[in-house]
Amino acid sequence: MANTRAPSTGEPYYLRNFLLLADTVLARDGALFTDEERARLDSVRALPLPARLLLLRLAGRREGWLRHSRLRYPEIPALDEALDVLEGAGWLERAPAAESPPEELAAGLTHEECLHLLRVAGQPLRGGAQAARRRLQALLREDCHTESFVQLGLWPADNSLLCALAGLDQWVRLHQHGLFRLLELLFFGNRHQDLRQFVVSELGLQRFETVKPGGEPDADGWIRSRVEAEELLEAGARLDRLQEELDELRRELKGWRRRLRLPPGPARRARDLLRAAWELATPAQLSHLPMPLRPQDGAAQLRRTRLRALLAGAALLERLGRPGAAAAWQRMALELGVEGRRRGETWLRLVVNLRHSGRLESAQAACQQALAEQPGPVIRRELEQRLGGARPLREPPVLRWSQLRHPGHAGGRTLLQADSGAALCVEELALARFAHDGWQGLHVENLLPRALVGLAAWNLIFAPVPGAFLHRFHAAPLDWGRPGFVERRAEEWRRLRTRLLRERHRAGVRERLHSKAGLQNPLVNWSVFQPGGEPSGHDPGLWRRGLELLLEVLPGRLLAELCEGLLREPSELGHGLPDLLLWRESGPGQPPEWQLVEVKGPGDRLFLAQRLWLDWLLERGLPVSLLLIEEEVVPRRSPADPVGA
DNA sequence: ACGCCAATGG
DNA sequence: TTCACACGCTCCG
DNA sequence: GAGCGTGTGTCTCCATTGGCGTAG
Ligand SMILES: [Mn+2]
Ligand SMILES: [Mn+2]
């Protein structure tokens with residue numbers, strides 16, 4: 001697009017944002033567009049202002065036929081004129097017209113309008129909107145075979161149904177919707193962000209760290225070819241649809257047990273979805289493609305998308321009680337290069353499915369094979385336990401309280417009767433009873449340790465590594481959570497580690513808690529530190545004190561271990577930390593007393609990640625314990641003293 | 001009357 | 001583009 | 001206790017609107 005830097009006086013935000021985005025993409029990836037497309041994009045600036053505005057308004061709306069009556073923009077009073085200009089320039093088509101597909105137009109009709117048209121067709125129907133629309137569309141489909149708008153002329157007087165449809169409204173459809181989506185994809189490097197990001201950021205609803213995009217002058221772009229970009233868009237859309245349909249099927253299968261026969265309806269849908277997953281994954285084709293080098297490249301994203309389809313299919317096979325087939329799909333996914341946390345989980349499911357299908361030696365071999373790949377600690381432990389002979393884990397000291405159960409549940413969670421009479425969930429109850437003994441505390445789970453690491457490693461996370469950033473809207477670098485993340489930042493990691501080992505990190509963390517407040521970071525959830533989150537009940541002051549305490553009492557050596565673990569495996573290690581952080585002042589000049597507590601109510605158990613974190617914390621001599629709250633059977637017995645003992 | 005959902009816009 | 005957690009059921013040793 | 005299924009809250013930026021299903 002021409003480099004006419006128009007003054008932004010009075011330009012609506014959406015026009016300004018689009019021009020900025022398009023210019024950036026054409027400068028960076030102009031070669032991915034045909035001459036005709038470049039000319040078309042250039043011509044945007046030459047359109048009369050109302051038409052230009054309308055074009056970008058339409059680009060921001062959903063794809064497909066839009067009803068004319070729903071196009072109302074105060075800044076475009078001469079709507080029809082603008083529509084004519086855009087139609088003349090080939091940007092859009094209007095309906096009803098020759099070859100307009102009545103069935104698609106009917107998709108935008110309301111319940112009432114559908115009923116009206118059905119009456120006109122002499123087929124009155126009572127029932128829901130969906131049923132009415134489907135019935136109407138079926139009728140229109142039939143009609144299409146014999147008559148259409150074109151055969152009948154614009155006003156098909158001899159077909160009352162089409163005539164009535166045409167009388168309801170006009171419709172508009174943008175031809176080039178895909179071109180706009182392509183621009184967004186190329187700008188953001190992913191298919192989750194779009195032009196709205198500019199607005200959200202401008203309004204300060206989401207703020208981002210300032211990063212240095214690019215940094216590798218001779219590098220190829222993140223996407224190689226036009227075909228790759230389009231495949232990425234298409235595969236992503238197909239995966240979304242697949243997962244939606246899988247969710248639907250899963251809901252239908254609720255309560256179905258493997259013993260029972262699968263009803264024919266769900267059985268057929270399951271077959272269809274398995275085929276769809278397989279066709280999206282195209283494993284035979286994937287096996288011939290080279291493994292992508294950088295995780296943020298289009299080819300790598302495409303591979304991940306396809307492998308997710310394969311794994312979704314495997315999960316469906318598991319649900320259907322076909323462990324053998326599921327195992328085959330999972331082994332294929334492993335061979336085709338599933339990475340990261342998914343890889344470990346896939347190995348695990350493979351082992352389980354091999355066992356379920358009675359192939360014990362294969363399961364054993366898969367265990368060995370998986371362990372040889374050095375998976376993260378949780379997966380490693382799962383595998384070792386299946387092989388037998390895993391080392392025993394350290395057991396935390398256990399506190400046992402008993403408490404009356406409160407009748408009723410809060411969103412499925414058990415409620416307990418506090419001494420005050422209030423109904424509290426187990427963690428709240430524990431906090432309340434610890435407070436009797438002077439403890440202050442928070443239900444932190446993973447939030448606080450992750451935030452501490454996010455603040456400590458801030459500069460590493462946003463270091464200007466080549467290819468890590470594309471634009472100014474990054475919550476995380478593009479290779480966040482992917483293998484080799486720390487290695488690609490070896491120098492930054494060495495500096496951070498040294499600083500931590502020398503206990504020189506604290507001032508920096510405190511400073512960033514203020515200077516970076518509100519900036520997106522993959523490990524920091526700012527809402528707990530900031531006021532305004534009143535409905536969620538967070539006390540920002542208390543959270544800041546909790547963070548300060550953790551920063552104070554945690555030796556740099558341990559924080560370094562935490563940092564390295566969370567930077568390498570943010571998702572595998574980012575969960576399972578104990579529920580509560582508690583502290584209490586122990587006199588002037590003394591460091592405060594503190595402890596971590598995992599709370600378990602009646603019927604709850606530790607899961608593996610929690611056991612491993614407890615083991616890790618105990619190994620390092622940190623004060624952590626397990627609090628088991630049992631249901632008090634005999635009413636009004638004096639509760640055991642929780643901490644004094 | 002209420003809640004859910006998709007669509008929309010800043 | 002979810003994830004993290006709690007909780008209940010079934011089966012088994 | 002293992003294994004599995006299920007549900008919830010918390011994220012998605014947030015407020016508003018219209019359409020629609022459901023409960024009452
Ligand atoms: Mn918890
Ligand atoms: Mn707990």
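Chain A is the first sequence line, chain B the second, and so forth, proteins listed ahead of strands; every chain is numbered from 1.
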TODO: Round to a whole Å and report the spacing from CZ of A:Arg386 to P of D:dG1.
DONE: 16 Å
Open item on the list: Using whole Å, what does the distance between atom P of nucleotide D:dT8 and atom CZ of A:Arg251 come to?
Closed with: 13 Å
Open item on the list: Going by side chain to side chain contact (heavy atoms under 4.5 Å, CB included), name the residues that satisfy it together with A:Glu395, two or more places apart in sequence or in a different chain.
Closed with: none
TODO: With sequence neighbours left out, write down each residue that passes side chain to side chain contact (heavy atoms under 4.5 Å, CB included) with A:Pro50, or none if nothing qualifies.
DONE: A:Pro48, A:Ile76, A:Ala82
Residues in side-chain hydrogen bond (donor to acceptor under 3.5 Å, both in side chains) with [X], at least two apart?
| X | answer |
| --- | --- |
| A:Glu245 | none |
| A:His177 | A:Arg181 |
| A:Asp240 | A:Arg191 |

Between [X] and [Y] (salt bridge meaning N to carboxylate O under 4.0 Å), is one present in this structure?
| X | Y | result |
| --- | --- | --- |
| A:Glu382 | A:Arg386 | yes |
| A:Glu248 | A:Arg269 | no |
| A:Arg413 | A:Glu427 | yes |

Task: Of all pairs that satisfy side-chain hydrogen bond (donor to acceptor under 3.5 Å, both in side chains), the ones with a partner from residues 192-204 of chain A, not counting sequence neighbours - done: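 Qualifying pairs: A:Asn190-A:Gln193, A:Gln193-A:Gln197, A:Asp194-A:Arg196, A:Gln197-A:Gln206.
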Task: Covered region of DNA chain B, 5' end to 3' end, by chain A [heavy atoms, under 4.0 Å] - done: B:dA7 to B:dG10
Task: Listed partners of A:Trp613 passing ring pair (Phe, Tyr, Trp, His ring centres under 6.0 Å), at least two apart - done: A:Trp616
- [ ] Would you please name every residue forming a ring pair (Phe, Tyr, Trp, His ring centres under 6.0 Å) with A:Phe198, sequence neighbours left out?
- [x]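 Ring pair (Phe, Tyr, Trp, His ring centres under 6.0 Å) list for A:Phe198, sorted by chain: A:Phe187, A:Phe473.
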Between [M] and [N], how far apart are the [atom1] atoms? Round to whole Å, please.
| N | M | atom1 | answer |
| --- | --- | --- | --- |
| B:dA7 | D:dG3 | P | 42 Å |
| D:dT10 | C:dT1 | P | 23 Å |
| B:dC2 | D:dG7 | P | 26 Å |
| B:dG3 | C:dC5 | P | 30 Å |
| B:dC5 | D:dG5 | C1' | 26 Å |

Task: Out of D:dG5, D:dT12, D:dC11, whichever nucleotide has its closest atom nearest the side chain of A:Arg319 - done: D:dG5
- [ ] Tell me what A:Arg349 touches on the nucleic acid: a base, only sugar-phosphate, or nothing, going by heavy atoms under 4.0 Å.
- [x] sugar-phosphate
Task: N/O (side chain, A:Arg257) to phosphate O (OP1/OP2, D:dG3) under 4.0 Å - done: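 Negative; the distance criterion is not met.
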Under 3.5 Å, which protein N or O atoms sit close to an N or O of nucleotides 17-24 of chain D? Give each pair with its distance.
residue: D:dC20; atom: OP1; partner: A:His111; partner atom: N; Å: 3.0
residue: D:dC20; atom: OP1; partner: A:Arg133; partner atom: NH2; Å: 3.0
residue: D:dC20; atom: OP2; partner: A:His111; partner atom: N; Å: 3.1
residue: D:dG21; atom: OP1; partner: A:Ala129; partner atom: N; Å: 3.0

Task: Verdict with supporting geometry, A:Asn521 and A:Glu209, side-chain hydrogen bond (donor to acceptor under 3.5 Å, both in side chains) - done: CA-CA 8 Å; A:Asn521 177 302; A:Glu209 176 60 302; over 6 Å; no
Open item on the list: Using a 4.0 Å cut-off on heavy atoms, which residues in residues 186-202 of chain A reach DNA chain B? List them by number, or say none.
Closed with: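 Contacting residues: A:Arg196, A:Val199.
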Task: Heavy-atom contact window of chain A on DNA chain C, given 5' to 3' at under 4.0 Å - done: C:dT1 to C:dC11
TODO: Step through it carefully: locate the ring centre of A:Phe208, locate the ring centre of A:His474, and say whether they are under 6.0 Å apart.
DONE: no
